[in-house]
Amino acid sequence: MPVPVPHQRTVVLPHQAGPVDDACADTAQVAGAPGAGDTTVQGVSAPATAVGRPSDPPASSDHPASHGFQNAGRPQPAEQRVSADHGPLHQGLTLLLIGEDPNSHVPDMWDWAGRKVRLRTARNLTEAERLLTDDVHCILLDLPPRAPGDRTERDPARADAPDDELGMLRDVLRMATSHAVLVLTYETDAQRAADAVRVGAQDYLFRDELDGAVLSRAVRYAVERKRADLAQRQLTESRMLAQENARLERGLLPTPLLDGSNLRFAACYRPGRSRALLGGDFYDTVRTPDGTVHAMIGDVCGHGPDEAALGVELRIAWRALTFAGLSGDELLATLQKVLEHERADDEIFATLCTVDISADGRRAGLCLAGHPAPLLAQAGERPQLLPYEFGGPALGLLPHARWPRRQVELGGSWSLMMYTDGLIEGRIGQGNQRLGQEGMTELVSRQMAAGLTGEELLEASVREVRDLNGGELTDDVAVLLLDRR
């Protein structure tokens, strides 16, 4: 037996002044209907004006519905409102009514601006699913009345669960996850109405008390509440995702392994990405069984999450290769292979500075791969930059590059500061002049002369660089300090 084609009608509403907008009065054409403006009811075709289209009531403030609209309050203009997922509200509200005989229960309705509410009707879920398009804002589910004496007993083991009479509501909620849903029932079914809200409906209405003003307010409230619920859910999901990312990034930050060493370690890290814990800069420090302390600091070009992930991969690879006994040119060549296989683009490269400090703490081997030279402050002397000329290219630029290792005398008491270019590329004042390595050396010298050491020295130096820049630094900043006293 053919399923009757569901129809859509426009409910004519009282307007505050003047004729109703013709654009709102037109009936939308339903797929499968004989033609625009025609309605098919149980196989009988008739003009749309003959079914469910009452004439316009007088545009008078004495009309009861007009009083209801005014008492309900007038929210902001509809032209400024946008529904969460169902089109702009300045085109008017569309209501989908699901029930066996819905036409006998629906009074006239109007939206925020007094326009006619477009009404679609469906007798079952199959028809409703076909009519549930993106321009529908709210669903009104007409629950069938209970048969006399029909009071389904609840399962004692599920005292808080609604009865099975709400199965159709659950189906609607599964079908329309982002639509507002109202339930229509009798006042004698107040418990079932309350159960419907617990299941997921935005509100319920009693047929006995239904009029145009009540229904209009209920529909507007349901739409706004659903929008608020969706916004709150998205906010909660965003917060949970941010917290999960923060836990992940915090777990990827390095933990220095310096057990048994008399060197003091301090670090300062400031990712350039907003609300991030990791950036493209990376560092690490470990002590191998022979007593040598290995330290490194690097910078992947770029500032996004992909660069941060690549930096973590390079750091972990460096730690594994260091514990495996590699150092100097051999270690950097292997890291370059890792970079070449893991990078998303052939143009991505990384700079790197590695230092291996002897067990007695008086000498170090230094390798530079396109990275700024460290700053060495020996006892009683002004901090000086270590030589840079012997360094090699950044990782990922030349396929067969070499990175010579240079021996550096540290002495008995010293501080060695390793850093990324985010610390020296900040601006000075209003011009385009950068701080540079000389400016950084002068800045750190003043901080040391003031007696600052360790993390206090690094925090004060980064803070002053930021102040000179006139605000937050846009590049990642990583600073690593090793001391021997």
Side-chain angles (χ1 to χ4, degrees), residues 245 248-249 251-257 267 269-273 276-286 288 292-356 364-374 386-406 418-425 474-480:
N245 288 341
L248 176 61
E249 293 184 2
L252 294 175
L253 290 173
T255 301
L257 301 179
Y269 194 88
R270 296 288 186 275
R273 290 187 296 136
L277 296 178
L278 281 176
D281 292 2
F282 54 99
Y283 66 89
D284 205 352
T285 306
V286 298
T288 50
T292 303
V293 172
H294 303 262
M296 72 89 163
I297 194 165
D299 182 2
V300 177
C301 67
H303 310 290
D306 291 339
E307 288 75 12
L310 182 56
V312 172
E313 290 181 278
L314 293 176
R315 180 187 67 78
I316 295 175
W318 175 87
R319 176 176 284 199
L321 294 172
T322 299
F323 279 123
L326 275 66
S327 63
D329 181 74
E330 185 180 13
L331 185 149
L332 292 176
T334 306
L335 282 181
Q336 175 159 281
K337 292 180 181 179
V338 173
L339 171 66
E340 291 171 347
H341 285 86
E342 296 296 333
R343 63 186 176 184
D345 191 287
D346 290 342
E347 296 182 356
I348 294 178
F349 62 90
T351 66
L352 197 68
C353 170
T354 66
V355 174
D356 54 274
L366 174 66
C367 286
L368 295 175
H371 201 86
L386 295 179
Y388 175 81
E389 293 77 12
F390 62 88
L395 302 181
L397 293 183
L398 300 176
H400 303 292
R402 302 298 301 273
W403 297 272
R405 177 179 178 274
R406 178 162 181 169
M418 306 163 67
Y419 54 92
T420 57
D421 58 7
L423 186 66
I424 60 177
E425 291 186 348
T474 57
D475 198 2
D476 303 329
V477 176
V479 190
L480 173 65

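These numbers were taken from a predicted model, which means no experiment stands behind them.
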Spacing of [atom1] belonging to [X] relative to [atom2] belonging to [Y], to within rounding of 0.5 Å:
X: Met296; Y: Leu335; atom1: CE; atom2: CG; answer: 7.5 Å
X: Glu307; Y: Asp345; atom1: CD; atom2: CG; answer: 10.0 Å
X: Leu386; Y: Met418; atom1: CG; atom2: CE; answer: 10.0 Å

With sequence neighbours excluded, what pairs up with [X] under the side chain to side chain donor-acceptor pair (under 3.5 Å) test?
X: Arg319; answer: Asp284
X: Asp281; answer: Thr420
X: Thr351; answer: His371
X: Ser327; answer: none

Practice task
Over 60° means perpendicular and under 30° means parallel, so classify the ring planes of His294 and Trp318, tilted if in between.
Solution key: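 Rings of Trp318 and His294: perpendicular, over 60°.
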Ignoring hydrogens, what is the shortest heavy-atom contact between [X] and [Y]? Give both atom names and the distance.
X: Leu339; Y: Ala350; value: CD2-N, 4.0 Å
X: His341; Y: Lys337; value: ND1-O, 2.7 Å
X: Asp299; Y: Phe282; value: N-CE2, 3.6 Å
X: Cys353; Y: Leu366; value: SG-CD1, 3.7 Å
X: Leu398; Y: Pro393; value: CD1-CG, 3.9 Å
X: Leu480; Y: Ala295; value: CD2-CB, 4.0 Å

Exercise for the section: Kindly write out the residues that satisfy salt bridge (charged side-chain N to carboxylate O under 4.0 Å, His left out) with Arg405, not counting sequence neighbours, or none if the list is empty. Expected result: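 Arg405 satisfies salt bridge (charged side-chain N to carboxylate O under 4.0 Å, His left out) with Asp356 once adjacent residues are dropped.
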Problem - Qualifying residues under salt bridge (charged side-chain N to carboxylate O under 4.0 Å, His left out), relative to Arg270, sequence neighbours excluded - result: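 With neighbours one apart ignored, the set is Glu459.
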How would you list, by chain and number, every residue that makes a side-chain contact (heavy atoms from CB on, under 4.5 Å) with [X], sequence neighbours excluded?
X: Gln336; answer: Glu340, Leu395, Trp403
X: Ile316; answer: Val312
X: Ala364; answer: Val355, Ile357, Leu410
X: Pro404; answer: none

Practice task
Determine whether Leu368 and Pro374 make a side-chain contact, defined as any pair of heavy atoms from C-beta on separated by less than 4.5 Å.
Solution key: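 Side-chain contact under 4.5 Å: yes.
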Practice task
For residues Tyr388 and Pro372, determine if any side-chain heavy atom of one lies less than 4.5 Å from a side-chain heavy atom of the other.
Solution key: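 No - every pair of side-chain heavy atoms lies 4.5 Å or more apart.
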Problem - Pairs meeting criterion salt bridge (Lys or Arg N to Asp or Glu O under 4.0 Å) with involvement of residues 321-334, two or more places apart - result: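 Found Asp329-Arg402.
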Practice task
Tell me, with the steps shown, if Asp421 and Ile424 meet side chain to side chain contact (heavy atoms under 4.5 Å, CB included).
Solution key: CA-CA 5 Å; Asp421 58 7; Ile424 60 177; 4.3 Å; yes
Problem - Residue from Leu332, Thr322, Ile297 passing side chain to side chain contact (heavy atoms under 4.5 Å, CB included) with Thr354 - result: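 It is Leu332; the other options fail the test.
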Problem - Backbone N/O of Gly279 and side chain of Tyr269: donor-acceptor pair under 3.5 Å - result: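 Checked: pair present.
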Practice task
Using atom types as modelled and distance alone, determine if a side-chain donor or acceptor of Tyr419 lies under 3.5 Å from a backbone N or O of Ala373.
Solution key: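 Yes, the answer is positive, given that a donor and an acceptor are paired below the 3.5 Å cut-off.
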